[in-house]
Amino acid sequence: MIETLFPNVDWEKAWEKTVETLYMTGISLVWIFIIGIILGLLLFLTSEGNLWQNKFINWIISAVVNIFRSIPFVILIVLLIPFTRVLVGTMIGMEAALPALIIGSAPFYARMVEIGLREIDKGVIEAAKAMGAKTSTIIFKVLLPESMPAIISGITVTAIALVGYTAIAGVIGAGGLGDYAYLDGFSRNQNDVTLFATLLILIIVFIIQFIGDIITKKIDKR
Amino acid sequence: MINVQNITKVFTTKSGPLTAVNHVNFTIDEGEIFGIIGYSGAGKSTLIRMFNGLETPTEGSLTIADKDITNIRGKELRLARREIGMIFQHFNLLWSRTVRGNISFPLEIAGVPKALREKRVENLIKLVGLEGREDAYPSQLSGGQKQRVGIARALANNPKVLLCDEATSALDPQTTDAILDLLVDINRKLGLTIILITHEMHVIRKICHRVAVMDSGKIVEIAPVLDIFRHPKEEITKRFIGQVTEPEETKETIDHLLEKYPDGKIAKLSFIGDVAEQAIITRLIRELPVTVNILQGKVSQTRNGAYGTLFIHIEGNPSDIEAAIDFLNKNQVGVEVVQND
């Protein structure tokens, strides 16, 4: 039945490409999570009225974040080619896509982390200060736990955007389902392959959203 | 135990400097419940926040147990803060932690080992009466229960001083009384010094030993609570006292009666301490040929004794009315003629 609907799909290859997409998304997501939280915390802490209030540093981080958030992803890949070459040693394949994926998405996620941190009741931070808490204690025991639902829903949204980015990266040689849909599907005029790759991407997106929603709901005790 | 000297806080705002607290001086004894009352914007919030360094004064010093809080920073300030508990109007609990987790938080900050922490948390839960709610999250608690968690949390590190920042202002009257009773109970059991700020005279009346009245950054009056009730000097103090002694409808009633009985006089009597419990009105009408009509009355209990107010209408011939007022004055009753026709 499925074979008649998608006559040109090579199952083994489709599976291989799915794994590639998941690999690129997964590895970059770990980095984005770490970098995004650090940048988000810095943006929040250096902003006015907060623990490390510093107009200059805040302006610098903010500018960097805004610049990388504004550059269209396709252009960012091209711009990063020299950097990628030095870092990864090649500009083709999954590894080569990672720097662009991470640099393109981490600033976006950092802003979402910042928004989440801003939503924390100032009174709670003040209460922790009144108890004699150090800044590191405030970060790890107040700021991060209290903004966890926003941090998780933010990474869910970022992960979904990232699946899309891996597809774009695929078109210019990174592998994955985007590459499969473009090369095997579009270029060879096999519409069923394009459709099937799209279906697989949709399934991945739904699963990510589903998992994100469950976790957010479970940890949100407000 | 606490010595506030010449403390001043000036904020720089866009529209120029704003003096929130203006050269304030007072001392608080160990084990005292000290109230600061004022309307919003009077500077009381800024003042209480200087007790634990959440706000640094522009001028002056504030010593708690011989330690000047105002010029310490960093680690020393953090250690000092552990000896000063604080509770808030909006409780400021961590929603992500259970009752147990919230109470445990200050102990984690102080680096108390886990086994000890658990034992201490159990004791605190018993102290504030939250048995059975240990594993509930703040969102599952009522306002009164949340403030109980706030109190337990503030007491976790055995502080010497407890600061209450409008701690009952977000609670209904019944819950307010329950929380105030708990504070008195803690004050007695632990000998804890409590400093509270409020805009409700009811809170002051119910639990404070002494009160400072604050207006536009200055302390305009400071005295034991009963003395304030007996001899309020400032207009603003009289207004605060009116909150507890004169129910809303009093003025309407009096206006109505002034119209209805153009003869005689309406007087507001105030009774302090033992006098509040004597049958003075009975003696008055037995000894003098006057008619007394009781319009409204109330007795309020303070920490240092009872304070009562009574509105009466006195009828009779003018000389007898004068004699009646003299009689009341002689019997240590404050008399204030509201209006005569």
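Each chain gets a letter, A, B and so on, in the order the sequences are listed, and its residues count up from 1.
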### Task
With chain B as the partner chain, list the residues of residues 204-222 of chain A whose heavy atoms fall under 4.5 Å from it, by residue number, and write 'none' if nothing qualifies.
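If one takes a 4.5 Å heavy-atom cut-off, the residues of residues 204-222 of chain A near chain B are A:Ile219, A:Asp220, A:Lys221, A:Arg222.
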
Toward chain A, the part of [X] with a non-hydrogen atom under 4.5 Å:
{"X": "B:Ile84", "value": "backbone"}
{"X": "B:Ile87", "value": "neither"}
{"X": "B:Leu94", "value": "both"}

### Task
Grab the two heavy atoms, one from B:Ile109 and one from A:Ala133, that are nearest each other, plus how far apart they are.
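Looking at all heavy atoms of both residues, the closest pair is CD1-CB, 3.5 Å.
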
### Message
Give me the atom names and distance for the closest heavy-atom approach of B:Arg82 to A:Gly132.
### Response
NH2-O, 3.7 Å

Does atom [atom1] ([X]) have a neighbourhood of more than 12 heavy atoms from anything else shown, all under 6.0 Å?
{"X": "B:Asp135", "atom1": "CG", "answer": "yes"}
{"X": "B:Glu131", "atom1": "CD", "answer": "yes"}
{"X": "A:Trp11", "atom1": "CH2", "answer": "yes"}
{"X": "A:Tyr182", "atom1": "OH", "answer": "no"}
{"X": "B:Phe11", "atom1": "CZ", "answer": "yes"}
{"X": "B:Trp95", "atom1": "CH2", "answer": "yes"}
{"X": "B:Glu30", "atom1": "CD", "answer": "no"}

### Flag side-chain contact, heavy atom, 4.5 Å: B:Met86 against A:Glu126
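A side-chain contact is absent here, since even the closest heavy-atom pair is not under 4.5 Å.
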
### Task
Indicate yes or no: at least one non-hydrogen side-chain atom of A:Val142 is less than 4.5 angstrom from one of B:Phe105.
yes

### Message
Main chain of A:Gly123, side chain of B:Asn92: is a donor-acceptor contact present, judged purely on distance under 3.5 Å?
### Response
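It does hold such a pair.
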
### Message
For the NZ atom of A:Lys141 and the CZ atom of B:Arg97, what is their distance to the nearest 0.5 Å?
### Response
5.5 Å

#### Entry: Value rounded to 0.5 Å, distance of CE in A:Met131 from CG in B:Asn52
11.0 Å

### Task
With sequence neighbours excluded, tell me which residues meet ring-ring contact (aromatic ring centres under 6.0 Å, His included) with B:Tyr137.
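So B:Tyr137 forms no ring-ring contact (aromatic ring centres under 6.0 Å, His included) with any residue.
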
#### Entry: Contacting moiety of A:Lys134, where chain B heavy atoms sit under 4.5 Å
both

